[in-house]
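Notes to accompany the following structure.
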Amino acid sequence: MKRVITYGTFDLLHYGHINLLQRAKEYGDYLIVALSTDEFNWNEKQKKCYFSYEERKRLLEAVRYVDLVIPEENWSQKKTDVKEYHVDTFVMGDDWEGKFDFLKEFCEVVYLPRTPEISTTQIKQDLNKKIQ
Ligand code: C2G
């Protein structure tokens, strides 16, 4: 069984995220999503999520490509995760191009093109415009 892992916040889950998860799954048979906790998002990414960790986890677990959701609590857990979950391939969107190449010692590292024209920030901006 080929195991794939990816990381993210996945808040306001949208088709850009689904495109990423779908393509990530194509690299193996089992896809693990390390989902940023609310604390990690706030302390390390200055992101205030609309949906809580539990709500975002519930949404991801309903996605057909996702086999397991685990918490992402810090920047430095990736190497341990890759070993602990026997990961063959690490996948991220190419906005992270090169940032995780240190993992090449332990697994394949793949950066996939982001889906253009969609982001949580854009969604929030569009909604704000509609309200005004
Ligand atoms: N993504 C994408 N296309 C978009 C938006 C996002 O392909 N239009 C991808 C991102 O490149 C990322 C994944 O979807 O691989 C999740 O995106 P975010 O939730 O924004 O993840 P991020 O906050 O970048 O967290 O340790 C890594 C971090 O946790 C990544």
Side-chain angles (χ1 to χ4, degrees):
M1 174 190 285
K2 279 203 73 182
R3 303 160 75 86
V4 185
I5 197 166
T6 192
Y7 291 71
T9 300
F10 296 98
D11 190 40
L12 294 191
L13 192 65
H14 55 67
Y15 64 86
H17 297 134
I18 300 301
N19 287 345
L20 188 282
L21 296 170
Q22 178 177 16
R23 287 174 293 160
K25 185 59 176 283
E26 287 167 6
Y27 282 85
D29 319 282
Y30 190 87
L31 175 61
I32 301 165
V33 177
L35 181 62
S36 309
T37 61
D38 296 333
E39 298 75 15
F40 179 59
N41 272 312
W42 183 244
N43 297 332
E44 298 297 326
K45 296 197 237 176
Q46 289 70 50
K47 282 188 174 182
K48 180 103 183 68
C49 292
Y50 180 82
F51 289 122
S52 69
Y53 173 82
E54 286 307 322
E55 289 162 339
R56 291 180 285 120
K57 181 171 185 281
R58 173 84 180 87
L59 283 162
L60 283 172
E61 286 171 341
V63 175
R64 67 172 64 188
Y65 311 113
V66 177
D67 296 287
L68 176 67
V69 179
I70 63 172
E72 178 186 30
E73 296 167 304
N74 57 67
W75 291 113
S76 55
Q77 70 183 70
K78 293 182 176 68
K79 193 163 74 172
T80 315
D81 291 345
V82 166
K83 290 181 183 172
E84 186 178 331
Y85 291 95
H86 310 292
V87 168
D88 300 286
T89 307
F90 169 93
V91 176
M92 284 302 291
D94 63 5
D95 45 319
W96 293 92
E97 183 83 37
K99 297 286 191 307
F100 304 116
D101 287 356
F102 65 89
L103 290 170
K104 286 181 176 175
E105 191 183 336
F106 310 102
C107 64
E108 181 188 15
V109 175
V110 174
Y111 301 102
L112 296 173
R114 275 175 71 94
T115 301
E117 320 285 321
I118 180 77
S119 69
T120 303
T121 310
Q122 189 64 51
I123 293 169
K124 288 178 179 172
Q125 284 170 355
D126 291 353
L127 285 173
N128 281 333
K129 272 187 223 141
K130 287 199 172 86
I131 295 164
Q132 281 156 11

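Position 1 is the first residue of the sequence, and the numbers go up from there. Computed from a predicted structure; not experimentally measured. All ligand and atom numbering here is 1-based and tracks the order in the structure.
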**Request:** Using a strict 4.0 Å cut-off to heavy atoms of Lys78, name the atoms of ligand 1 that fall inside it.
**Result:** 26 (O), 27 (C)
**Asked** When you look for heavy atoms under 4.0 Å from ligand 1, do you find them on the side chain of Asp95, its backbone, both, or neither?
**Response** side chain
**Item:** Linked, directly or transitively: Trp96 and Leu31 (ILVMFWY side chains, under 4.5 Å)
**Value:** no
**Prompt:** So, are Glu61 and Lys57 salt-bridged, with charged N and O less than 4.0 Å apart?
**Reply:** yes
**Complete:** of all protein heavy atoms, closest to atom 24 (O) of ligand 1 is Trp96 NE1, 2.9 Å
**Request:** Before signing off on this row, confirm whether Asp11 and ligand 1 have an N or O atom pair separated by under 3.5 Å.
**Result:** no
**Under-4.0 Å salt bridge between Arg56 and Asp38** = yes
**Atom indices of ligand 1, in the order listed, that fall short of 4.0 Å to a heavy atom of Ile118** = 4 (C), 8 (N)
**Request:** Output yes when Asp67 and Lys25 qualify as a salt bridge under the 4.0 Å nitrogen-oxygen rule, no when they do not.
**Result:** yes
**Message:** With respect to Lys47, determine whether any N or O atom, backbone or side chain, lies less than 3.5 Å from an N or O atom of ligand 1.
**Reply:** yes
**Item:** Heavy atom of the protein closest to atom 3 (N) of ligand 1 (residue, atom name, distance)
**Value:** Thr115 N, 3.1 Å
**Request:** Kindly say whether Gln77 contributes a backbone atom to a donor-acceptor pair with the side chain of Asn74 at under 3.5 angstrom?
**Result:** yes
**Request:** Would you mind checking which non-hydrogen protein atom is closest to atom 14 (O) of ligand 1, with the distance to 0.1 Å?
**Result:** His17 CD2, 3.6 Å
**Request:** Give the ring-plane orientation class for Trp75 versus Phe40, where under 30° counts as parallel, over 60° as perpendicular and anything between as tilted.
**Result:** perpendicular
**Message:** Under 4.0 Å between a side-chain nitrogen and a carboxylate oxygen: does that hold for Asp126 and Lys129?
**Reply:** yes
**Item:** Nearest non-hydrogen protein atom, atom 18 (P) of ligand 1
**Value:** Thr9 N, 3.9 Å
**Taking every non-hydrogen atom, the tightest pair across Thr6 and Met92** = OG1-SD, 3.7 Å
**His17 and His14 aromatic ring geometry - parallel, tilted or perpendicular at 30°/60° bounds** = parallel
**contact_flag Ser36 ligand 1 heavy-atom lt 4.0 Å** = yes
**Request:** Number the atoms of ligand 1 from 1 as they appear, then name those within less than 4.0 Å of a heavy atom of Gly8, with their elements.
**Result:** 19 (O), 21 (O), 25 (O), 29 (O), 30 (C)
**Request:** Flag Trp75 as yes when one of its N or O atoms lies below 3.5 Å from any N or O atom of ligand 1, and as no otherwise.
**Result:** no
**Asked** Of all the non-hydrogen atoms in the protein, which one sits nearest to atom 15 (O) of ligand 1, and at what distance?
**Response** Gly93 N, 2.9 Å
**Asked** Which atom names give the shortest non-hydrogen contact between Tyr7 and Glu72, and what distance separates them?
**Response** CD2-OE2, 3.4 Å
**Prompt:** Is the closest N or O pair between Phe10 and ligand 1 shorter than 3.5 Å?
**Reply:** yes
**Message:** For Lys45, I'd like to know if atom NZ has over 12 heavy atoms of other residues, nucleotides or ligands within 6.0 Å.
**Reply:** yes
**Complete:** Residue, atom and distance of the protein heavy atom nearest atom 26 (O) of ligand 1 read Glu72 OE2, 2.6 Å
**Between Thr120 and Asp11, a side-chain donor and acceptor under 3.5 Å** = no
**Request:** Compute the minimum heavy-atom distance from His14 to ligand 1 and say whether it is under 4.0 Å.
**Result:** yes
**Prompt:** To the nearest 0.1 Å, how far is atom 5 (C) of ligand 1 from its closest protein heavy atom, and which atom is that?
**Reply:** Arg114 NH2, 3.4 Å
**Request:** Quick one: look up the protein heavy atom nearest atom 25 (O) of ligand 1 and list residue, atom name and how far away it is.
**Result:** Lys45 NZ, 2.9 Å
**Backbone or side-chain N or O of Leu20 under 3.5 Å from ligand 1 N or O** = no
**Prompt:** N/O of Tyr7 under 3.5 Å from N/O of ligand 1, yes or no?
**Reply:** no
**Request:** For Thr89 and Val4, indicate whether the former's side chain and the latter's backbone hold a donor-acceptor pair under 3.5 Å.
**Result:** no
**Prompt:** Is there at least one pair of N or O atoms, one from Met92 and one from ligand 1, spaced under 3.5 Å apart?
**Reply:** no
